[in-house]
A.B. asks: 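Next up is a structure, given as structure tokens.
Letters A, B, ... are given to chains in the order of the sequence lines, protein chains preceding strands, and every chain is numbered from 1. None of the values given here were measured: they were computed from a predicted structure.
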Amino acid sequence: MKKIQDCKVLGVKNLNDDTYILELTTPETPEIIAAGNFAEIKVDHTPDVFLRRPLSIFDVDYTNKKISFFIKITGKGTALLKEAELEQNINIIYPLGNSFKPEANGNALVIGGGSGIAPLLLLANELKIKKSEITFLLGGRKNTDIHLFKEFEKYGTVLITTEDGSLGEKGRVTDHSIFNSINGFTKIYTCGPNPMMKAVGEIASANDIPCEVSLENMMACGFGACLCCVTETHEGNKCVCTEGPVFNVNDLKW
Amino acid sequence: MKKIQDCKVLGVKNLNDDTYILELTTPETPEIIAAGNFAEIKVDHTPDVFLRRPLSIFDVDYTNKKISFFIKITGKGTALLKEAELEQNINIIYPLGNSFKPEANGNALVIGGGSGIAPLLLLANELKIKKSEITFLLGGRKNTDIHLFKEFEKYGTVLITTEDGSLGEKGRVTDHSIFNSINGFTKIYTCGPNPMMKAVGEIASANDIPCEVSLENMMACGFGACLCCVTETHEGNKCVCTEGPVFNVNDLKW
Amino acid sequence: MVDLKVKVHELEFKNPVTTASGTFGFGEEFEEFIDLNRLGGIFVKGLTLHNREGNPYPRMAETPSGMLNAVGLQNKGIDYFINNIYPRIKEYDTEIIPNVNGSTVEDYIEVTERINEIEDINAIELNISCPNVKEGGMSFGISCPSAIAVTEAVREVYDKTLIVKLSPNVTDICEIAKAVEGAGADSISLINTLLGMAIDPHTRKPILSTLTGGLSGPAVKPVAIRMVWQVYNAVKVPIIGMGGIMNAEDTIEFMLAGSSAIQVGTANFIDPEVSIKIIDGITSYMGKYKIDSVSDLIGAMDVEELY
Amino acid sequence: MVDLKVKVHELEFKNPVTTASGTFGFGEEFEEFIDLNRLGGIFVKGLTLHNREGNPYPRMAETPSGMLNAVGLQNKGIDYFINNIYPRIKEYDTEIIPNVNGSTVEDYIEVTERINEIEDINAIELNISCPNVKEGGMSFGISCPSAIAVTEAVREVYDKTLIVKLSPNVTDICEIAKAVEGAGADSISLINTLLGMAIDPHTRKPILSTLTGGLSGPAVKPVAIRMVWQVYNAVKVPIIGMGGIMNAEDTIEFMLAGSSAIQVGTANFIDPEVSIKIIDGITSYMGKYKIDSVSDLIGAMDVEELY
Ligand SMILES: Cc1cc2nc3c(=O)[nH]c(=O)nc-3n(C[C@H](O)[C@H](O)[C@H](O)COP(=O)(O)OP(=O)(O)OC[C@H]3O[C@@H](n4cnc5c(N)ncnc54)[C@H](O)[C@@H]3O)c2cc1C
Ligand SMILES: Cc1cc2nc3c(=O)[nH]c(=O)nc-3n(C[C@H](O)[C@H](O)[C@H](O)COP(=O)(O)OP(=O)(O)OC[C@H]3O[C@@H](n4cnc5c(N)ncnc54)[C@H](O)[C@@H]3O)c2cc1C
Ligand SMILES: Cc1cc2nc3c(=O)[nH]c(=O)nc-3n(C[C@H](O)[C@H](O)[C@H](O)COP(=O)(O)O)c2cc1C
Ligand SMILES: Cc1cc2nc3c(=O)[nH]c(=O)nc-3n(C[C@H](O)[C@H](O)[C@H](O)COP(=O)(O)O)c2cc1C
Ligand code: FES
Ligand code: FES
């Protein structure tokens with residue numbers, strides 16, 4: 001059930017200059033979250049941010065009534081949320097959207113770039129519960145763009161690419177040597193910049209590996225009311241906020 | 001010389017639910033302030049307040065680089081300023097406008113209503129330096145609307161009216177018994193709601209007592225650029241922000 | 001108890017608060033957030049004769065106190081609405097009002113005829129003001145002859161309440177309003193979106209796939225209020241006002257300017273509960289100022305003694 | 001060093017940043033805040049033949065991301081400007097451009113003739129778009145015949161750069177733009193304010209003494225950008241764009257849409273230093289994106305490969 005809630009800021013943890021984790025306390029036990037679900041966050045007290053901002057749910061703690069977001073600053077709203085004061089109320093609508101469909105007993109390749117890693121820890125947890133093996137492939141421009149290495153390591157092997165070669169293999173994620181032999185993987189899950197997901201999707205299709213991508217289209221509402229967020233599919237335009245954000249890559253007309 | 005400055009919030013002193021004093025530290029020794037001068041204050045971090053807000057300068061401390069404002073909440077901007085955080089920067093343009101012309105060696109009647117008392121303590125100080133006797137007449141709806149009684153008392157006699165009679169004489173300022181014998185006064189100075197100032201002005205004119213009023217017209221800029229703030233005078237429309245806010249009541253075409 | 005009922009021609013709204021077409025889906029999208037039965041009415045998403053995919057993504061740009069949209073009337077067509085959506089939403093105890101669109105006069109007629117067959121639907125809103133379609137839409141609403149042509153044609157085949165929705169992108173809104181009134185409109189709703197555009201200074205590309213889109217939200221409110229007031233003084237039919245309404249005070253402003261009812265649009269995206277908050281806010285306002293019937297506010301702007 | 005120079009017909013601006021008429025007084029009001037010599041130009045407060053008191057107070061209402069004004073061209077008349085103000089402000093090393101207004105074509109002609117006698121003034125801005133006067137003003141700018149009539153008449157008596165300022169309150173801005181271009185305009189400036197209105201829900205009175213006023217500020221920016229782009233594609237003369245510019249990014253947006261220069265208006269009230277900050281911001285932008293000449297940005301919106 002979708003809820004509109006005022007949540008209190010519990011903390012802002014800076015990961016680097018432009019990336020942070022925002023932790024909120026929910027007024028009641030949080031709704032059940034599946035990996036890929038997102039929230040629409042109201043950024044208050046600013047003349048510049050009129051609409052809510054969609055953010056994937058990064059983590060949820062049902063016992064301690066906590067919910068958190070992994071945020072990369074890309075503009076005014078994400079910059080302002082970083083300045084959130086302790087105890088301040090932030091209004092969120094959640095949970096929104098569909099979710100990844102983690103395969104049971106599989107061998108998963110989970111690829112994240114930029115803020116796209118946000119839903120991937122929840123996904124890893126679901127995959128683990130379903131007894132899938134996991135290999136992570138994380139990409140960034142430089143070493144400081146690679147976050148949460150230790151957390152991912154708990155769930156599986158972590159591979160890395162950086163464009164400047166300062167960590168892991170040099171190049172983009174799709175340049176990684178793992179793609180020389182990916183036939184062992186039974187499913188690919190990815191979230192990140194569109195060009196990255198497209199490149200991953202092409203490789204997946206070429207190798208006949210099922211692949212889910214999580215899109216980050218611009219949204220005005222986040223719950224199916226405006227039809228602004230569509231993506232073209234073989235069955236016509238679909239709402240990314242209600243029929244997505246997670247799509248089977250073969251359904252998309254990229 | 002007009003300055004645009006970021007000033008740090010030193011404190012907000014609540015006088016009652018809807019009235020408070022905002023103290024700021026200026027980055028350098030404050031400009032010289034005359035009673036009646038005002039500042040244009042930028043209320044940040046709100047989508048609702050687009051323009052600056054004009055506020056009379058209530059007090060200035062040249063040694064400790066402090067400047068303060070006496071503010072009555074009338075809407076969004078004045079409500080938000082009350083929530084100003086310590087150390088927060090507030091941008092002000094000041095000093096703006098003309099000032100009262102305190103008479104030397106006179107017998108002054110100084111009348112204030114509502115937020116109109118804001119410039120009157122500075123005025124009292126100037127009158128005292130010029131060796132004028134001062135009688136204050138302060139009006140409000142009820143006793144909790146009468147502020148700073150002790151501060152005014154340092155400069156002269158303080159008379160009070162409240163509409164509900166909870167303090168001083170019952171009625172509006174112009175109902176006060178002092179008006180039965182005002183011929184001893186050599187000049188009247190007033191600031192407050194327009195209807196009050198008009199009533200005071202009429203009495204002053206009828207008794208041939210010079211009278212200065214300080215207007216609070218709505219302003220877009222505060223420094224003569226927009227021509228939004230005009231008041232009608234016998235010499236045509238005049239800018240309240242540059243040719244006022246203080247006017248000789250006989251010049252106004254009310 | 002204050003009386004919130006208002007009448008728009010033969011249509012009775014339980015209160016003046018309705019939701020704007022294209023900003024409220026088919027109502028269902030809000031079911032988890034609010035009690036839809038409390039609304040005066042729901043103007044559902046714009047309908048066309050056939051399935052329309054709308055414009056390519058991106059369709060949205062945020063602007064100061066507003067947004068641009070270029071959705072372009074994406075919908076599954078009138079038959080899908082009648083067969084698959086309406087049967088579900090007709091259960092709500094509120095007026096469901098379809099928003100009728102077309103590329104040609106014939107399209108408008110055909111969509112209207114289909115709706116005419118549905119007994120419980122008491123009104124339609126004729127959208128001659130969509131700025132986001134290449135054919136039809138706004139092009140009908142910005143000249144008198146075409147506005148008259150489509151209104152007359154639809155009037156011919158429809159005998160329940162006919163609301164015509166006007167575009168603000170015109171030199172003289174009164175001229176158009178009088179034209180559609182003369183052509184048989186029972187009510188006028190306004191404003192649809194203002195034509196606008198946005199460019200990303202960094203990519204140097206337009207933000208919308210269609211370059212231009214429709215501006216909505218608080219930014220347009222002053223223009224909308226002005227047009228409602230002008231039209232109120234030009235026509236006799238009741239007006240349904242909209243454009244940037246965010247709260248009860250805005251609603252009062254629209255009613256004072258001459259609106260018999262209002263539509264809440266973009267605000268629904270930011271606060272899905274806003275329409276209900278507005279109804280409650282109007283009730284408080286009426287209590288505070290001792291107004292018994294909300295319809296006393298319609299056109300009640302006090303212009304006598306200005307200051 | 002980046003090259004900030006732009007040309008508008010025969011007028012050379014040292015940079016594209018000028019200030020909008022009615023929002024910058026006669027420049028002097030800003031002398032204590034900024035170095036006026038750094039500006040591309042100053043469009044001074046609207047001038048009329050005779051002294052005008054303007055409209056009664058109140059003349060201003062704050063609106064979401066904008067404001068309404070109803071100043072109504074208060075000024076002391078053209079002779080006062082020439083004899084008492086111009087001698088002072090001509091010392092600034094920037095283009096001083098008078099904004100010419102009238103109730104009749106004859107008024108416009110006479111004001112122009114007086115200005116024509118002043119050697120150092122290289123251009124005038126013909127304001128046929130003021131929404132706040134009962135006679136003349138916007139009524140000239142919203143129909144082609146009257147826009148042509150006044151432009152042609154002024155063209156006849158003026159041979160330096162003639163900029164005509166258009167009203168956005170029209171159905172088809174291109175039609176008007178082409179009309180004034182045909183009538184001899186050397187440049188088009190736009191947009192003037194959008195006609196709007198505001199009502200105080202508590203007093204139930206209109207906020208402006210004139211009921212309606214002109215909307216300016218960021219709220220109108222999307223409409224302004226759209227009109228600049230449309231006009232850029234319709235005419236050959238250079239465009240001076242404005243409407244809601246608050247910073248360098250907004251300025252780039254206007255230039256990409258087709259403006260050769262821009263005017264900063266309402267933003268001056270909120271930050272009297274904003275025009276200088278914009279000049280500095282454009283310089284940084286050009287550095288970041290390795291653009292040598294600012295004029296390369298004019299109309300350079302990239303519409304090739306949209307997404
Ligand atoms: C379902 C979903 C989940 C998301 N999850 C996360 C997440 O977990 N963490 C995270 O950091 N980000 C996430 N994003 C992206 C995030 O919503 C945007 O970065 C954010 O809205 C930008 O807001 P802003 O005010 O900071 O930037 P703005 O100042 O609004 O814009 C800055 C730039 O970003 C672009 N932009 C704005 N909104 C979006 C958007 N929705 N998608 C793509 N580009 C945009 C603008 O065009 C502009 O170029 C998600 C987006 C979606 C749709
Ligand atoms: C020269 C000058 C000096 C002033 N000094 C003081 C002072 O020292 N202390 C103080 O408390 N107030 C002072 N005021 C009044 C103060 O500027 C307004 O109360 C304030 O701008 C209201 O802003 P707001 O956002 O709180 O109200 P808003 O939400 O903007 O408006 C609330 C109501 O107040 C009215 N209003 C808005 N601005 C003004 C205005 N400038 N004048 C009159 N009514 C207005 C609106 O029409 C509305 O009805 C002064 C005004 C002027 C012009
Ligand atoms: C995303 C979006 C889609 C819209 N779709 C339609 C539509 O299908 N039919 C219509 O008549 N108006 C449509 N409109 C216009 C609104 O109904 C309304 O006229 C406009 O948004 C102004 O109101 P607002 O400022 O409250 O949003 C749409 C507006 C938006 C923002
Ligand atoms: C208070 C005020 C007074 C104005 N006076 C004039 C004027 O005298 N002549 C004119 O051509 N435009 C006048 N304008 C319009 C501006 O020059 C400009 O076209 C408009 O404000 C849009 O730009 P902005 O949004 O940057 O303010 C005035 C605008 C304001 C806000
Ligand atoms: S964002 Fe509104 S429908 Fe998806
Ligand atoms: S407020 Fe702008 S001129 Fe006085």
Side-chain angles (χ1 to χ4, degrees), chain B residues 1-6 31 39-44 46-54 74-78 91-97 194 215-245 247 252-254, chain D residues 19-34 44-46 51-76 132 200 202 207-209 213-214 216-219 244 246 265-274 277:
Chain B
M1 166 96 188
K2 294 173 200 147
K3 290 245 166 99
I4 309 176
Q5 287 185 339
D6 274 336
E31 298 294 304
E40 280 279 358
I41 301 206
K42 180 113 180 53
V43 183
D44 263 328
T46 161
D48 292 330
V49 182
F50 176 63
L51 298 163
R52 287 176 184 261
R53 294 296 189 259
T74 54
K76 301 158 295 188
T78 46
N91 188 273
I92 69 171
I93 305 180
Y94 84 110
L96 300 170
N194 267 3
L215 302 184
E216 294 196 348
N217 281 14
M218 278 190 285
M219 297 181 173
C221 70
F223 47 85
C226 73
L227 306 186
C228 286
C229 61
V230 293
T231 189
E232 221 183 331
T233 74
H234 295 290
E235 295 162 26
N237 281 330
K238 284 197 174 172
C239 258
V240 171
C241 70
T242 52
E243 303 175 88
F247 290 91
L252 297 178
K253 250 173 134 178
W254 262 354
Chain D
T19 54
S21 179
T23 69
F24 206 69
F26 293 100
E28 303 174 302
E29 294 79 357
F30 290 78
E31 211 172 32
E32 287 178 81
F33 302 122
I34 58 173
V44 298
K45 175 69 200 157
N51 177 66
R52 272 184 71 95
E53 289 298 326
N55 292 315
Y57 178 84
R59 298 176 168 184
M60 191 274 284
E62 192 180 54
T63 65
S65 296
M67 63 175 278
L68 291 165
N69 90 80
V71 171
L73 296 176
Q74 177 177 336
N75 78 104
K76 292 205 161 74
N132 295 319
D200 184 325
H202 300 288
I207 298 185
L208 301 174
S209 70
S216 64
M246 297 295 280
T266 305
N268 292 304
F269 303 155
I270 295 161
D271 181 2
E273 295 172 338
V274 69
K277 288 180 185 161

A.B. asks: Counting C-beta onward and ignoring hydrogens, is there a side-chain heavy-atom pair between B/Val240 and D/Tyr57 closer than 4.5 Å?
C.D. replies: no

A.B. asks: Kindly list each side-chain donor-acceptor pair under 3.5 angstrom involving residues 219-230 of chain B, sequence neighbours excluded, with atom names and distances?
C.D. replies:
none

A.B. asks: If you look only at pairs with a residue in residues 220-232 of chain B, which of them pass as a salt bridge (Lys or Arg N to Asp or Glu O under 4.0 Å), with sequence neighbours excluded?
C.D. replies: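 Qualifying pairs, neighbours excluded: B/Glu232-B/Lys253.
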
A.B. asks: What I'd like to find out is whether the side chain of D/Glu62 reaches to under 4.5 Å of the side chain of B/Asp48, using heavy atoms alone.
C.D. replies: no

A.B. asks: What residues of residues 68-76 of chain D make heavy-atom contacts with chain B at a cutoff under 4.5 angstrom?
C.D. replies: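 Within residues 68-76 of chain D, near chain B: D/Asn69, D/Val71, D/Gln74.
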
A.B. asks: I'd like to check the side-chain contact (heavy atoms from CB on, under 4.5 Å) partners of D/Glu29; sequence neighbours left out, ordered by chain and number.
C.D. replies: D/Phe26

A.B. asks: Looking at D/Asn51, D/Thr23, D/Thr63, D/Thr266, which one has more heavy-atom pairs under 4.5 Å with chain B than the rest?
C.D. replies: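 Most pairs with chain B among the choices: D/Thr23.
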
A.B. asks: First locate atom CD1 of B/Ile93, then atom CD of D/Glu32, and finally report the distance between them rounded to the nearest 0.5 Å.
C.D. replies: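 Answer rounded to 0.5 Å: 11.0 Å.
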
A.B. asks: Does any heavy atom of chain D fall under 4.5 Å from the side chain of B/Lys42, the backbone, both, or neither of them?
C.D. replies: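 Just the side chain, heavy atoms under 4.5 Å.
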
A.B. asks: Answer with side chain, backbone, both or neither: which region of B/Asn91 has an atom nearer than 4.5 Å to a non-hydrogen atom of chain D?
C.D. replies: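 Interface part for B/Asn91: neither.
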
A.B. asks: Can you name the nearest heavy-atom pair linking D/Gly66 to B/Phe50, along with the distance?
C.D. replies: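 Taking D/Gly66 first and B/Phe50 second, the nearest heavy atoms are O-CD2, 3.4 Å.
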
A.B. asks: Using 0.5 Å steps for rounding, measure from the CZ atom of D/Phe33 to the CD1 atom of B/Ile4.
C.D. replies: 5.0 Å

A.B. asks: Could you tell me which non-hydrogen atom of D/Asn55 sits nearest to which non-hydrogen atom of B/Asn237, and how far apart they are?
C.D. replies: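 Answer, listing the atom of D/Asn55 first, then B/Asn237: O-ND2, 4.2 Å.
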
A.B. asks: Write down the atom of D/Ile270, the atom of B/Arg52, and the distance for their closest heavy-atom approach.
C.D. replies: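 Between these two residues, the closest heavy atoms are O-NE, 2.6 Å.
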
A.B. asks: Answer with side chain, backbone, both or neither: which region of D/Asn268 has an atom nearer than 4.5 Å to a non-hydrogen atom of chain B?
C.D. replies: backbone

A.B. asks: Enter the distance from D/Arg59:CZ to B/Met218:CE here, rounded to the nearest 0.5 Å.
C.D. replies: 12.0 Å

